[in-house]
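Quick notes on the structure that follows.
Residue numbering restarts at 1 for every chain, and letters A, B, ... go by the order of the sequence lines.
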Amino acid sequence: MLRVSLREISAALKEGRVSPTELCQRCLSFIKATKFLNAYITVAEETALKQAEESEERYRRGQILGDLDGIPVAVKDNFSTAGIETTCASNMLKGYIPPYNATVVKKLLDQGAVLLGKTNLDEFAMGSGSTDGIFGPVRNPWSYSRQYREKSVHNSHTENEDSNWLVTGGSSGGSAAAVSSFTCFAALGSDTGGSTRNPAAHCGVVGLKPTYGLISRHGLIPLVNSMDVPGILTRCVDDAAIVLGVLAGHDPKDSTTVQDPFKPFELTNFIDASKLCIGIPKEYHAPGLSSETLALWSKAADLFENAGAKVIEVSLPHTRYSIICYHVLCTAEVASNMARFDGLEYGHRSSMDKSTEVMYAATRREGFNDVVRGRILSGNYFLLKQNYETYFIKAQKVRRLIANDFVNVFRSGIDVLLTPTTLSDTIPYVEFIKEDNRTRSVQDDIFTQAANMAGLPAITVPTALSEKGLPIGLQFIGRAFQEQQLLTVAKWFEKQVKFPMIQLQGLMDYSHTVCQHQKSAFFS
Amino acid sequence: MRKCRGGRMWILRFGRYLRGAPSGGASYWGGLFPGRRFTQAASGGSDGRQEAAGDPRRRGRVYQNPTWQHVEQRPLPEKKVTVEVLDHLERLALVDFRNWEGVQRLEKAIQFADQLHAVNTEGVEPMDSVLEDRCLYLREDNITEGNCTEELLQNARETVEEYFVAPPGNIPLPKLEERDTFLQVSE
């Protein structure tokens, strides 16, 4: 029952085939069973059950709030949730309980959604593996899937079964793992450089990054103010459209949301592919792209062409510089945004109190991990008076060039761009940690962050399984505020590729094995 | 080739398209992007259409080989990141490098960012935000919410009545020689 889509479970709730409390309880027990995935930091059991009961009451009276009423969802732990600890997987905010709800969380709750808990991430959403938070790394559910295990049967040593698990990608890895392992029907992530789409591709779920300015960022603990957007992770494109319909729209509390009215839409099942023009940016064949992903990308292009669409090669000449530009702008904005953590009003506070400056320095030393500190220091370097022009302003100029590349391509009649999402399928944790956070980010964000630079909507759709039995996703980038067109194309594509469902039968057996041994070992 | 229409050919003549682009013309963005600044930078656009038919490197529309390579990063000139700069950064950021790894991280970051200088940005305006062409919403200067003193004070560790308590201020961080920092050791 947990494997169905949001739309299907919503119909089941409306028809009374299942009750919200039953659904909530099932999800909660499944979360307990999949605890070793480490997808959740906080499970808000009591409040979730209470919300489920209220929803059940509404269903009984026939006064439901909408399509999301009674649906269990999860939220990434950098969204503020009133009364529920919000940590950003950092010591700096451990124990911090926000006094308010983020706008997107409020919108979900107003629609009756049941908030199951807060999901794990990289510390302050900096990273591309969901491995650098203080609560430990998130494991990819596909590590335990039958599809992966069958393919790796020749390589696996049964006694090392537990050490070869795969990373989810990041930084919204917990949200992606939660959706992928059927513990919730939709999850919120944040996307600054690909943090929603990267784990979505690695976990075989749909990851949508809306246009910058469409969804409110009020309550999202900011990383890069000019590029952050809340992201949506679901199991199919239809579900993403439903959640988008709930979340999008102007928010007076976030002045970077546009004031244009947003009309929620329903996706049609049929598209006339002959009216479509798909662009294939040639620079997106970057060094390091795996042959499998390349083959899938080619197949997808052929798929559209055979359906009658115009498939054209286009050029985004500044693609190779976008990751460098992102690196400079991101660290600069991070240096500014992390300045608010001083221990005075909230969060961790050091006991050193000789002076304010000493206290601030000690608090920040104790609260931040290496990655965050590294980015703050790099950002401050780029913002120094002597470097401001050569680095920061230069990066802003390159940003305009990148954004203009996209403008030109879309102006020439392209509707949607088709690109890979990641260089390859996901890799084992022991491999992933061989390189440092910055190197991994540079490698993994290469296809995703240009859309953040330009503020364009993008969606990753799970396409096929690799030879190892792991998901590979392809990305569609659309025109600004044209989510309907983008999602329509994505939905059609999703129907064509028929991505297989993850087979997690082994998961329950595994969790029983885990119960017998010490569970605490996994959190070391 | 049968899908190719005359009207589509010009997107591949990238350079020519850029130079001829009007400003302020009707745009799909509805005013989102000004389109007023185009560079003369090398377009890199190719006559892919002509190549497609007989080009063995391609299958369909996707190039079968990477279209660019990573550039080998030049090592930093000596003395670019001096101890003075590191100390200055520690003071500004109020975070510490902690060890050599931290310093190396910074050096690698600078090395990486240096690649930006290869891009020709003459005549290009810096871009602060993708919403630069819109008039963003500013609400009226009226008090609409508040009275949440208790809630806000709850999150602070040290408070007295309705005040956040801070250690004595206006005392600068000790100088490098007197501070307990890894940089002092490294001198």
Side-chain angles (χ1 to χ4, degrees), chain A residues 96 99 212-213 226 252 255 258-259 280 282-283 285-287 297-298 301-302 310-315 317 320-321 324 327-328 344-346 349 353 355-357 359-361 364-365 368 373-374 376-378 380-381 391 393-401 403 407 410-412 455 479-480, chain B residues 3 8 11 14 27-29 32-33 35 38-39 43-45 48 59-63 66-70 89 92-96 102 105-106 109-110 112-113 115-116 119 121 124-131 134 136-139 148 151-152 155-157 164 166-169 171-173:
Chain A
Y96 168 64
Y212 179 83
S226 61
S255 78
V258 296
Q259 291 167 75
I280 308 279
K282 67 174 197 176
E283 286 84 1
H285 188 156
W297 189 19
S298 309
D302 294 339
K310 289 183 256 309
V311 178
I312 302 176
E313 187 201 67
V314 298
S315 180
R320 77 178 74 186
Y321 300 109
I324 308 167
H327 164 75
V328 175
L344 263 187
E345 292 164 48
Y346 45 76
R349 177 176 174 144
D353 57 358
S355 75
T356 328
E357 302 259 323
M359 192 274 280
Y360 289 169
R364 289 155 74 82
R365 185 184 323 138
F368 291 141
R373 280 194 352 266
I376 294 174
L377 288 163
S378 309
N380 275 104
Y381 180 83
Y391 288 100
I393 299 287
K394 180 87 181 179
Q396 287 192 314
K397 290 181 181 176
V398 175
R399 181 177 185 180
R400 184 179 293 283
L401 291 177
V407 171
F410 284 120
R411 192 176 282 187
S412 67
R479 300 178 184 201
Chain B
K3 299 272 185 332
R8 299 270 179 250
I11 60 136
F14 224 53
S27 107
Y28 288 113
W29 302 110
L32 187 69
F33 294 113
F38 288 96
T39 69
S43 70
R59 228 187 59 208
R61 298 282 170 266
V62 176
Y63 261 101
T67 50
W68 55 276
Q69 289 298 333
H70 289 299
L89 285 176
L92 278 180
L94 287 180
V95 295
D96 60 333
R105 216 176 280 134
L106 174 69
I110 303 172
F112 187 62
Q115 293 173 72
L116 268 187
V119 187
T121 52
V124 181
E125 290 283 308
M127 177 187 244
D128 291 311
S129 159
V130 294
L131 300 177
R134 289 174 180 253
L136 294 181
Y137 172 73
L138 277 180
R139 61 183 187 147
C148 47
E151 285 172 304
L152 293 178
N155 276 315
R157 196 140 326 164
F164 295 111
I171 303 175
L173 270 182

Check: A:Tyr391 and B:Leu116 side chains under 4.5 Å, non-hydrogen atoms: no

Contact check, side chains of A:Ser226 and B:Asp128, non-hydrogen atoms, under 4.5 Å: no

Side-chain donor or acceptor of A:Arg364 paired with backbone N/O of B:Ala93 under 3.5 Å: yes

So which atom in A:Gly455 and which in B:Val130 form the shortest heavy-atom distance, rounded to 0.1 Å? N-CG1, 3.8 Å

Looking only at heavy atoms and a cut-off of under 4.5 Å, which of B:Ala156, B:Gly169, B:Pro126 has the most pairs with chain A? B:Pro126

Considering only heavy atoms, which portion of B:Phe164 lies under 4.5 Å from any heavy atom of chain A: side chain, backbone, both, or neither? side chain

Quick one: of B:Leu138, B:Leu92, B:Asp96, B:Leu173, who has the most non-hydrogen atom pairs under 4.5 Å with chain A? B:Asp96

Report the residues that fulfil side chain to side chain contact (heavy atoms under 4.5 Å, CB included) with A:Ser355, sequence neighbours left out, ordered by chain and then residue number. A:Glu357, A:Val358, B:Ile171

Checking A:Arg399 side chain against B:Met127 main chain: does a donor-acceptor pair fall under 3.5 Å? no

Without swapping roles, check the side chain of A:His327 against the backbone of B:Ala109 for a donor-acceptor pair under 3.5 Å. yes

Evaluate the side-chain proximity of B:Pro167 to A:Met359: yes if any heavy-atom separation is below 4.5 Å, no if none is. yes

For the residue pair B:Arg157 and A:Arg349, what are the closest heavy atoms and their distance? NH1-O, 3.4 Å

Mind checking what makes side-chain hydrogen bond (donor to acceptor under 3.5 Å, both in side chains) contact with B:Gln115, not counting sequence neighbours? none

